[in-house]
Structure formats: C-alpha cells, structure tokens
Amino acid sequence: METEKPTSSNFIKNIVIDDLKSGREKTIVTRFPPEPNGYLHIGHAKAICLNFELADEFNGKTNLRFDDTNPVKEDTEYVDGILNDIKWLGFEWDNLHFASDYFEMNYEKALLLIEKGKAYVDDQSADDIRKTRGTLKEPGKDSPYRNRSVEENLDLFKRMRAGEFKDGEKVLRAKIDMSSPNINLRDPVIYRIKHAHHHQTGDKWCIYPMYDYSHPLGDAVEGVTHSLCSLEYEDHRPLYDWAVRECEMENTPHQYEFARLNLTNTVMSKRKLKSLVDAGVVDGWDDPRMPTIAGLRRKGYTPEAIRNFCREIGVAKSYSIVDERYLEHFIREDLKLKAPRTMAILDPLKVVITNYPEGETEWFEIENNAENPDMGTRKVPFSREIYIEREDFMENPVPKYFRLFPGNEVRLKSAYFVKCVEAVKDADGNIVELHCTYDPETRSGSGFSGRKVKGTIHWVDAAHAVPAEFRLYEPILKDDADLSQEAEEAADDITSESEEYTGGAAGEDKSFLDKINKDSLTVLNGFIEPGLTDVKAHDKFQLFRHGYFNVDPKDSAPGRIVFNRTVSLKSSFEVK
RNA sequence: UGGGAAUUAGCCAAGCGGUAAGGCAACGGACUUUGACUCCGUCACCCCCAGGUUCGAAUCCUGGAUUCCCAGCCA
C-alpha cells in the first residue's frame, strides 16, 4: 500500500528471520487477540500493525481471534466496533475466530489433563485459594483436594459442565507446583463456573476456561507460530508452554513479549477510558480527545498516519512513553499534500477597507494546495468588509509582532496589502472593528514588488462568510510534565481492567480523575469560505495558519458545519 | 539472593567484537503570499556504574545500581 517504508529491525523480526532460516518454521502465523470488552485504542493499533505487518513481510498469515472467555465482561457491541476499527486501519485477517470456538476442544483437553493427573477439581473458596497461594517470598500450600482420584476429578468436572454446581463452588486447577517461585505456576485455576449468557455460545456453557489455559490452546490449534503479547505476560510464558505441552498439542506456538505503547498526556487503559465515558467527561468512546481508534478517526487521523507512527516507534522490551508530538508529526505529514488549504476565521474581527469601492466584489482564483498543483484552484470573493482573526491585530504590539497594528501594513493572503488606520471601539473600550486602507497596486498575482511586508494574514469576505463551529482540543490529562508519574499510572492500568477487582487501589482512580483537564475542549464560532458549504463528514482541510481540521461526522448537519481540529500547525511564534 | 524483565541523547530506537543509524523534539540560519512547508547546520569523544578479557568492547565475563512486572475464579 502506497509508499510505506518497511519496519526497521526489531527483536521479534530478528527471531522470525532466525526461525525461518533455521527451518524451525516454514511460514509464520500471527494473531491479534482482542477481548471484546471495550474499544480499541492506539496501543492496540501498535499490536495490530506489528502482527499484521510482520506476517505480511514474510508472506505469513494473521488471524483475528476474539478472546471471549469471560462472558460477564464482553459484548457484541465491542466485537462489531473492533472489527470495524481493524478494517478501517487497513488490515485484512486470514481467519476470524473466537476463543469460544474452541470451548469443546478446551474441555476435551481438560479431560486429558485430569486423566494424566495434571489437573484437579478444587472445592476451596476463592478466598481460601488466595490464602493458600502463599506470597511473593513464601511458597503456597497444597489444597486438601489436590490428590483426588482421577475418577473423582473426572466425575466432578463433568458435573461442573452439567451445571450441578453454583458459581464459585468449584474450579479446575492445573496441578503444577505450589512452591514455585513463579506464582503463575502455583496450581493456576484453568476453569471456573459462571452461569452466564455468552454473546457467542449463548447458554451452552456454564464453565469457562481462563485465559492462561485457553490462549495457548487456541494458538496451537490455529497453527500460530509467533504469539506476541505484552510484557506483563512474561511470567506467564512457562504456563503457556506447560499448557501446549501437557495438552499434547500438535503445534508448538511460542510466546514473545514486547512493551506496550504509552503516550504522554493521555491514558491507555480500557478501564480508565471507560470511566471517562461513564463520567460524561467525554462524548463517548469516539470523542476526539480519546486515544481510541474511533476517537482519532473522528479527530481526523488517517489510517496511514497511524500505521506510519506504529512503524516508526519500533518494538522493544523496554518500558517507554512516546511523546504525543511524535504521533502529531505523522498526521501533519500525511495530510500535507492530501488536504486542500482554505481560509477560515475562528475568532472574527471585522475589517472595513475604507477606500475599497462600496458594493463591489471581486473573485480571486486561489490554489487549493500550493504544494500540490493537482488539487486545482477555487474562486474566493473579496470586498469592502472582511473578517480577520482577532489575534492578528494588537493595538499595542509585542516585540517582533508583524501582523496588524495601527499604522502597520500586512498582506491579505491572495488579495492586497492593507494598512491599519484605526481601531474602532465600543463604549466599554472593546475593539469592535478595524478601519484599513488597501493599495490596489499590490493585488495578488500582479507581480508588485515595490515594497515588502513582514506579515501575511488570512481573511474571509464578510458578505459571503458561512458560519461554522470549530472545536479545538487539548490533552485530556492535566499534568504530564512528570513522565515517570505518567508511567506509573499507565503501568498500573495494564493489569487492573476489571471493575470488580479490588486488588488494586480505589484511591488511585480518584487521583486519575483529579488529573483530568477540564479545559480540554474549546468551541469557537467563526466563518469559512463560501466554497466549503457542501462539505461532508470526515472531509479534511488545512485551515490556513490554524492547522488540520476534520468535518465532524456526528454533529455536523445541514446548515451546521462542525470542524474538529486534528492537529495545529507548528509555530515558532507565541504571543505572550 | 522469591521469580521475571529492562537500562544507548529531552522522547522513541538501531546496533549482535572493528571504533555510536534513523526519526521526533529542540536550537541556529536560508527561503517564504501560511511565523507553516522546504533546505542547510548544531545536537552521545560515548552506550546505568565499577572492574576484567581482547590489538580492539555499547556488544563478551564478574560484581553492583536503578526501574518495571507478578500473590483475579480478569485478559
């Protein structure tokens, strides 16, 4: 697709190259395994790009597999959203599966485990299991049910499936080692009872496998060769390998872990993102301030920009937080030649050109993108009264200010030079309009070179101006100077995405909500050129000197045009 | 000495025993009908620290420091 550079070297690609060279694998198969319990965010995009592009580069395959082993948290709404986002990003999966497709196989393998004496039914309560698991430094204690006979385990497990027991009454545990220094190996629970309706399997099951058991088996049966996941699963790898081995799977997939993406000025946690939605802080999962794929799309990001970003940040094992400005770089780059450039006034100040003939209008032909002549030109009206940007005038200019101020002359982009004669004020001393004079000799395109001006400002003809709403965004989080604190925040979301789980800290949710930037949205009402009245959802423009904007797909309507600012233009000038 | 992992510039990151890629950001300058873009230049005598091996070490060895992850019937 287009002129996208291949990813640079990374440790996973090196592993694939070695595996192919050594003959350990003939072709590679990867997979992207989202849990349908929320919408995808830019962090998922990193994993998606990694899996799909890696397989693509080596002529392999990539499956999409929903990790739907926990019916109480999941929903088809999310399945649909995820499918849509992946397609929008531009990827096509080879096979679409659900972990629930393998529930029967998972069950059969559990029976095998029991027969081999590698799994047992435990009657202990969740609380007792936790208490006997030991601590980080002390080994756990064997369950009193650990040495039940194979027959009894088989009988009990079948009755679990048959629905004879209530939620939490029994679990199936892998029999590994209660004194392992790796807590994941201390007889992990692999099946639990949940009398819950499942979005894919309905009421067929009342026992559901745990991720650590289901995932490796799903990988194996699909022939996945390189199972990529994030760093916190490093400790789970021995269990992954145990499951593949003890269940006697034909294929032996291998798990590799990489660092998930973190971005400055935002959060990357489905749980926290959901809390923003639920608290009404944002408009929904697709609010442009959200780092979700849906939010970025509504903000005006393109799939190309997101893919290029994911490629350039690389893949490694060290914990990192990427500067959000890096992401912004890629959307500016992508839209530079694609987006037409037009003038719009976000915060209007009327200007009367006193020596311009009343009742006259002339139409300037202006290129749609000076760097991309293929985009053609358009006609833009100009007359005696125009709007300029309020910030393009200062009665008492700061040093190095070369826009409009009393006595100063500037260029009106694609029109004439104008000189400010007077700032007209109301009774309260507020500037309500400017009186300027223009110089007919300086008409754009005339080749006038008699004198130079330092500044060029944009404008919109007042008589033809079309009202529009502009939404400007700032980071959703207040404080971010302290990257290490941000790291902490992000890190602790990784594992605690369950609402009911209280192992984390309730207090830290509060501190997270305290960090929310209450001024992350600014709404302005201004004007656009008359040529933009037919604009459609997701049309993208560079509004001169302001940045790139996207036509909002939700709130725009006939007679109401809403622009979301995707990203500002860079600027080396700030009015203090 | 519970186990697992990480450490190369402000931020990502390549590097795999032959003398520190690239991108972002920043800072100078040129150009400019966007204070944008583009272009030019600057930005690690050094790779967490200390020893050692070697003709040669970011890469190998030894010891240490710091940071992150793990005690859900979540994924």
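Just so it is clear, the structure is predicted and the values come from calculations on it, not from any experiment. Quick note on labels: first sequence line is chain A, next is B, and so on, each numbered from 1.
- The gap from the P atom of rA6(B) to that of rA13(B) amounts to 13 Å, rounded to the nearest Å.
- For Arg133(A), the salt bridge (charged side-chain N to carboxylate O under 4.0 Å, His left out) test picks out no residue, with sequence neighbours left out.
- No hydrogens or angles were tested; on distance alone, a donor-acceptor pair under 3.5 Å links the side chain of Asp235(A) to the base of rG3(B).
- To the nearest whole angstrom, the two P atoms, one in rG10(B) and one in rC49(B), are 13 Å apart.
- An OP1 or OP2 oxygen of rU34(B) is reached within less than 4.0 angstrom by no side-chain nitrogen or oxygen of Arg332(A).
- Distance check on atom C1': rU8(B) versus rU59(B) gives 11 Å, rounded to whole Å.
- Ring pair Tyr191(A)/Tyr208(A): centre-to-centre distance not below 6.0 Å.
- Residue Glu333(A) has its side chain nearest to rU38(B) when only rU38(B), rG35(B), rC74(B) are considered.
- Here the side chain of Met210(A) is nearest to one of rA71(B), rG3(B), rG72(B), namely rG72(B).
- Heavy atoms of Asn14(A) sit under 4.0 angstrom from at least one base atom.
- Mapping Asn184(A) and Glu234(A) onto RNA chain B by nearest heavy atom places Glu234(A) at the nucleotide closer to the 5' end.
- Nucleic acid contact class of Lys413(A) (heavy atoms, under 4.0 Å, all strands): base.
- In this structure, the CG atom of Asn37(A) is 10 Å from the P atom of rA75(B), given to the nearest Å.
- Shown here is Glu164(A), whose CD atom has more than 12 heavy atoms of other residues, nucleotides or ligands within 6.0 Å.
- Between the side chain of Gln542(A) and the base of rU34(B), a donor-acceptor pair under 3.5 Å is found.
- Taking only distance into account, the side chain of Arg403(A) meets the base of rG35(B) through a donor-acceptor pair shorter than 3.5 Å.
- Counting any heavy atom pair closer than 4.0 Å across all strands shown, Thr456(A) reaches sugar-phosphate atoms only and no base atom.
- Comparing rU67(B) with rA30(B), their P atoms sit 47 Å apart, to the nearest whole Å.
- Between the NE2 atom of His329(A) and the P atom of rC37(B) there is a distance of 11 Å, given to the nearest Å.
- Residue contacts for Arg545(A): at a heavy-atom cut-off of 4.0 Å it reaches a base atom on one of the strands shown.
- The glycosidic torsion of rG72(B) lies within 90° of 0, placing the base in the syn range.
- Protein atom CE of Met178(A) is 10 Å distant from nucleotide atom C1' of rA71(B), rounded to whole Å.
- Regarding contacts with the backbone of rA21(B), every side-chain N or O of Ser8(A) stays at 4.0 angstrom or more from both OP1 and OP2.
- When heavy atoms are screened at a 4.0 angstrom cut-off, Met343(A) is found touching no nucleic acid atom at all.
- Contact annotation: Thr69(A) reaches the phosphate of rA75(B) (side-chain N/O to OP1 or OP2, under 4.0 Å).
- Glu365(A) has no carboxylate O lying under 4.0 Å from a charged side-chain N of Arg378(A), or vice versa, which leaves the two without a salt bridge.
- Taking atom C1' in both rU66(B) and rA26(B), one finds a spacing of 28 Å when rounded to whole Å.
- Inspection of the Tyr548(A) and Gln542(A) side chains reveals an N or O donor paired with an N or O acceptor under 3.5 Å.
- Ion pairing between a basic and an acidic side chain is recognised when a charged N comes within 4.0 Å of a carboxylate O; Lys175(A) and Asp122(A) show no such pairing.
- Within 4.0 Å (heavy atoms only), Phe402(A) reaches at least one base atom of the nucleic acid.
- Rounded to whole angstrom, the span from the CG atom of Leu136(A) across to the C1' atom of rA5(B) amounts to 15 Å.
- Pairing partner, rG51(B): rC61(B), with both Watson-Crick or wobble hydrogen-bond distances short of 3.5 Å.
- Of the candidate nucleotides rU38(B), rA36(B), rA13(B), rA36(B) has the atom lying nearest to any side-chain atom of Ser572(A).
- Under the Watson-Crick or G-U wobble criterion, with both distances below 3.5 Å, rC73(B) has no partner in any strand shown.
- Ion pairing between Arg443(A) and Glu362(A) holds under the 4.0 Å rule for side-chain N and carboxylate O.
- Both distances falling under 3.5 Å, in either a Watson-Crick or a G-U wobble arrangement, place rU38(B) opposite rA30(B).
- The cationic group of Lys170(A) lies under 6.0 Å from the six-membered ring centre of Phe165(A) and within 45° of the ring axis, placing it in a cation-pi geometry.
- The distance from atom CZ of Phe11(A) to atom P of rA6(B) is 9 Å, rounded to the nearest whole Å.
- Residue contacts for Ala126(A): at a heavy-atom cut-off of 4.0 Å it reaches a base atom on one of the strands shown.
- Between Phe573(A) and rG35(B), a base-stacking contact is recorded: ring centres under 5.5 Å apart, planes less than 30° from parallel.
- Nucleic acid contact for Tyr416(A): none, since no nucleic acid atom lies under 4.0 Å from a heavy atom of the residue.
- Across the protein-nucleic acid pair, Arg186(A) atom CZ and rA71(B) atom P stand 11 Å apart, rounded to whole Å.
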> For Asn265(A) and Glu324(A), what are the C-alpha separation, side-chain angles and deciding distance, and is it a side chain to side chain donor-acceptor pair (under 3.5 Å)?
Replying inline: CA-CA 7 Å; Asn265(A) 288 329; Glu324(A) 59 170 349; 2.4 Å; yes

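- Remark: C1' of rC73(B) and CG of Asn70(A) are 10 Å apart, rounded to the nearest angstrom.
- Residue-level contact check: Val453(A) touches neither bases nor backbone, having no heavy atom under 4.0 Å from any strand.
- In this structure, Leu231(A) reaches neither bases nor backbone, as no heavy-atom distance under 4.0 Å exists between it and the strands shown.
- In this structure, NZ of Lys137(A) is placed 15 Å from C1' of rG4(B), rounded to the nearest angstrom.
- A distance of about 36 Å separates the C1' atoms of rU38(B) and rA58(B), rounded to the whole Å.
- The phosphate of rU38(B) has OP1 or OP2 within less than 4.0 Å of a side-chain N or O from Lys336(A).
- Contact annotation for Arg411(A): base contact, defined as any heavy-atom pair under 4.0 Å involving a base atom.
- The partner of rU66(B) is rA6(B), judged by Watson-Crick or G-U wobble contacts that both fall below 3.5 Å.
- Taking atom P in both rA25(B) and rC11(B), the straight-line distance is 15 Å, to the nearest Å.
- Here Ile193(A) lies out of heavy-atom contact (under 4.0 Å) with every strand.
- A donor N or O paired with an acceptor N or O is found under 3.5 Å between the base of rA75(B) and the side-chain atoms of Tyr233(A).
- Checking the phosphate oxygens (OP1, OP2) of rC74(B), a side-chain nitrogen or oxygen of Lys194(A) falls inside 4.0 Å.
- The separation of rC48(B) from rC68(B), taken at their C1' atoms, amounts to 15 Å, rounded to a whole angstrom.
- Within 4.0 Å (heavy atoms only), Glu389(A) reaches no atom of the nucleic acid at all.
- Within 4.0 Å (heavy atoms only), Gly547(A) reaches no atom of the nucleic acid at all.
- In terms of phosphate contacts, Ser9(A) brings a side-chain nitrogen or oxygen within less than 4.0 Å of OP1 or OP2 of rG15(B).
- A search for salt bridge (charged side-chain N to carboxylate O under 4.0 Å, His left out) contacts involving Arg65(A) returns Asp219(A), Glu222(A), not counting sequence neighbours.
- Closest to the side chain of Val189(A), out of rC73(B), rC12(B), rC74(B), is rC73(B).
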